[in-house]
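Structure first, commentary second.
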Amino acid sequence: MKKTLFDRLTALALVLVLAVAMAMPASAAYDMPIETSMADETVYLVNLDDGTVLLDQNSAEPRYVASLTKMMTALLVLESGEDLEKTITVPDSLTQEFKDIQNANGSDMRLVIGEEVRLIDLMYGLLVSSANDAASVLADYFGSGSISAFVDQMNQKAAALGCTQTKFSCPHGLYDQGNVSTAQDLVKIATACWKNPKYMEIANTTKYTVPANNKHDQPRDLETTNLMMVPDGEYYREGIAGVKTGFTTLAGRCYVTTASHEGHNYMLAILGSKKEKKNERFYIYPEANAIFDWAFARYSDRTLLAKGEKVGEVALRGCDESKVVTLHADTELVKNAYDDASLTVEIEAPEELKAPIKEGEALGTAIVKLDGSEVGRVSLIADKKYESALLKGSMSAIALVPAVLVVVAALGYLTAQLSHSQVNFAALFRKRRPQARGRRRATSHR
């Protein structure tokens with residue numbers, strides 16, 4: 001049946017779907033591989049390289065976040081452009097703030113009013129030993145003498161990073177009331193910190209010494225609160241880097257950290273972990289360790305499409321040699337992904353093609369999906385040359401032209417030669433006939 005113009009336009013927009021069920025990596029969150037210490041605990045695991053969410057338990061639920069708050073405090077300081085070697089003086093206005101920190105049993109680096117201390121020392125106190133007094137001094141300084149003004153900056157920055165359920169009420173997180181966020185928001189903040197080289201340099205330090213100053217005759221040693229980074233420690237794991245720990249009675253154990261494995265990067269946020277399970281004081285670290293074990297065992301680099309791999313076929317007309325064009329992947333597509341996901345390849349190409357087609361000619365696109373989510377696109381090309389039957393016939397006819405010309409020329413030559421021979425024969429005949437008549441006349445006169 002002859003196709004209408006509408007049919008042809010529709011054909012050009014057709015998407016051919018090739019569904020291939022395979023044990024391949026995933027691009028969406030999966031069931032929790034561990035039992036968390038609390039049923040309402042938050043777990044959020046993300047592949048930092050492509051943003052794929054691997055695990056999600058209560059990630060959108062607002063939680064108290066304790067000292068994870070200090071990520072934002074540090075980020076604002078680092079983005080201010082201030083020289084971190086600058087020395088500042090702890091002001092009298094923080095006297096009550098220091099008392100409040102002590103009354104709440106908050107961790108500190110033993111700062112005192114009137115102490116002259118470098119900004120860089122405060123940053124190490126903030127991120128290495130999670131010192132609340134360091135957070136207050138930094139907030140006061142960068143808030144131009146107003147901690148509340150600095151907290152306003154924190155909330156503005158959170159909004160700028162795309163956080164929708166984050167509300168900071170203090171620069172350190174020691175005071176839980178009104179200081180909340182979600183794992184999704186915290187990963188946005190932590191990712192910005194992770195991308196800041198200075199932040200990670202400080203956060204990855206396991207030991208730091210604050211030099212003596214006008215209020216301390218002896219240097220002060222600071223040690224990291226991130227026990228998964230401590231070499232030879234009970235919870236040490238290779239590849240762990242930053243980002244921040246936290247704890248209050250209401251918030252429970254909180255942790256945001258990154259881990260690298262086989263060239264790939266992951267970020268894990270855990271909120272509201274408790275210590276009651278297995279008598280572990282820091283059960284959050286075994287939880288994190290088990291989650292990373294699961295991720296590294298199930299996620300790896302997978303070749304979703306190989307270069308030159310046959311992906312599909314498209315109908316071809318106008319070619320005597322073939323009725324279809326075979327489509328091949330122009331490039332390789334490799335993704336770090338989950339091993340149990342289903343792979344789907346959707347082919348965007350015309351319903352029908354017309355010869356001629358060149359070898360390697362781009363004819364469409366393969367849309368690669370894992371568990372229904374797009375993870376990449378690959379150009380599809382013709383596997384070989386497909387000639388047009390009409391053009392091929394024309395070329396064959398053209399190829400005969402020289403032979404025809406030779407034949408025509410030969411015939412022309414023969415015709416010319418024959419004509420010339422006939423002319424010569426006629427002339428000869430004319431020459432000979434008078435002589436014959438003369439002989440006959442001579443004979444008749446005898």
Distance (rounded to the nearest 0.5 Å) between Leu363 CG and Ile347 CD1: 11.5 Å
From CA spacing to verdict: side chain to side chain contact (heavy atoms under 4.5 Å, CB included), Val256, Leu268: CA-CA 6 Å; Val256 176; Leu268 172 64; over 6 Å; no
Side-chain donor or acceptor of Ser146 paired with backbone N/O of Ala149 under 3.5 Å: yes
Donor-acceptor contact present, side-chain Asn204 to main-chain Met200, <3.5 Å: yes
Gap separating the CG atom of Leu119 from the CE atom of Met123, nearest 0.5 angstrom: 9.0 Å
Donor + acceptor pair across side chains of Tyr208, Asp221 (<3.5 Å): no
Polar contact flag, side-chain donor to acceptor under 3.5 angstrom, Ser67-Ser130: yes
Under 3.5 Å side-chain donor-acceptor pair for Lys70 and Thr73: no
Side chains of Thr225 and Leu227 in contact at under 4.5 Å (non-hydrogen atoms): no
side-chain contact (heavy atoms from CB on, under 4.5 Å) partners for Gln165, two or more places apart: Ala60, Pro62, Thr182, Asp185
Any residue meeting side-chain contact (heavy atoms from CB on, under 4.5 Å) with Glu238, in chain and number order, not counting sequence neighbours: Tyr236
Heavy-atom closest pair, residues Met109 and Gly125: SD-CA, 3.7 Å
Test item: Lys188 and Thr191 side chains (from C-beta on) under 4.5 Å apart, heavy atoms: no
Side-chain ion pair, Glu359 and Lys384, N-O less than 4.0 Å: no
Evaluation steps, side-chain hydrogen bond (donor to acceptor under 3.5 Å, both in side chains), between Asn226 and Thr245: CA-CA 6 Å; Asn226 189 345; Thr245 63; over 6 Å; no
Sub-4.5 Å side-chain heavy-atom contact between Leu75 and Lys157: yes
Heavy-atom check, side chain of Leu305 versus side chain of Val311, under 4.5 Å: yes
Residues forming a salt bridge (charged side-chain N to carboxylate O under 4.0 Å, His left out) with Arg237, sequence neighbours excluded: Asp293
Nearest heavy-atom neighbours spanning Glu116 and Asn214: N-OD1, 2.8 Å
Test ring-ring contact (aromatic ring centres under 6.0 Å, His included) applied to Tyr141 - qualifying residues, sequence neighbours left out: none
Residue pair Cys319 / Lys354, side-chain heavy-atom distance below 4.5 Å: no
Minimum-distance pair of heavy atoms, taken over all atoms of Gln184 and Ser59: NE2-OG, 2.8 Å
Residue pair Ile88 / Leu122, side-chain heavy-atom distance below 4.5 Å: yes
Full working for side-chain hydrogen bond (donor to acceptor under 3.5 Å, both in side chains) between Ser129 and Glu223: CA-CA 6 Å; Ser129 62; Glu223 294 187 356; over 6 Å; no
Salt bridge (charged side-chain N to carboxylate O under 4.0 Å, His left out) evaluation trace for Asp121 with Arg118: CA-CA 5 Å; Asp121 297 325; Arg118 296 180 304 168; 2.9 Å; yes
Shortest non-hydrogen contact between Ser107 and Ile101, atoms and distance: O-CG2, 4.3 Å
Salt bridge (charged side-chain N to carboxylate O under 4.0 Å, His left out) partners for Lys215, two or more places apart: none
Side-chain H-bond candidate by donor/acceptor type, Glu61 with Thr42, under 3.5 Å: no
Asn265 vs Asp49, side-chain hydrogen bond (donor to acceptor under 3.5 Å, both in side chains): CA-CA, chis, key distance, verdict: CA-CA 6 Å; Asn265 301 289; Asp49 300 326; 3.2 Å; yes
Student check: side-chain heavy atoms of Asp92 and Ile113 closer than 4.5 Å: yes
Non-hydrogen atoms of Ala66 and Gly246 that approach each other most closely: CB-C, 3.9 Å
Any side-chain donor near an acceptor of the partner, Glu41 and Ser37, under 3.5 Å: yes
From CA spacing to verdict: side chain to side chain contact (heavy atoms under 4.5 Å, CB included), Ser80, Phe142: CA-CA 8 Å; Ser80 71; Phe142 286 94; 3.2 Å; yes
Contacts of Glu332 that satisfy salt bridge (charged side-chain N to carboxylate O under 4.0 Å, His left out) - sequence neighbours left out: none
Check: Glu115/Asn213 side-chain N/O donor and acceptor closer than 3.5 Å: yes
Worked check of side chain to side chain contact (heavy atoms under 4.5 Å, CB included) between Thr258 and Tyr266: CA-CA 5 Å; Thr258 65; Tyr266 303 81; over 6 Å; no
Where Glu351 and Val314 come nearest, the two heavy atoms and their spacing: O-CG1, 3.5 Å
For Tyr199, ring-ring contact (aromatic ring centres under 6.0 Å, His included) partners two or more places apart: none
Partner set under ring-ring contact (aromatic ring centres under 6.0 Å, His included) for Phe292, not counting sequence neighbours: Phe296
Side chain Thr36, main chain Met38, donor-acceptor under 3.5 Å: yes
Pairs where residues 123-138 contributes a residue and the test salt bridge (Lys or Arg N to Asp or Glu O under 4.0 Å) is met, not counting sequence neighbours: none
Pair Asn47-Tyr299, side-chain hydrogen bond (donor to acceptor under 3.5 Å, both in side chains): steps then yes or no: CA-CA 10 Å; Asn47 183 321; Tyr299 279 79; over 6 Å; no
Side chains of Thr69 and Asn179, donor plus acceptor under 3.5 Å: yes
Check: Asp152/Gln156 side-chain N/O donor and acceptor closer than 3.5 Å: no
Donor-acceptor pair between Glu97 and Ser136 side chains, under 3.5 angstrom: yes
Counterpart residues, ring-ring contact (aromatic ring centres under 6.0 Å, His included), relative to Phe98 (two or more places apart): none
Listed partners of Gln177 passing side-chain contact (heavy atoms from CB on, under 4.5 Å), at least two apart: Tyr64, Leu250
Close side-chain approach of Thr257 to Val243, heavy-atom, < 4.5 Å: no
Of all pairs that satisfy ring-ring contact (aromatic ring centres under 6.0 Å, His included), the ones with a partner from residues 151-191, not counting sequence neighbours: His172-Tyr175
More than 12 heavy atoms from other groups under 6.0 Å of CD on Glu85: yes
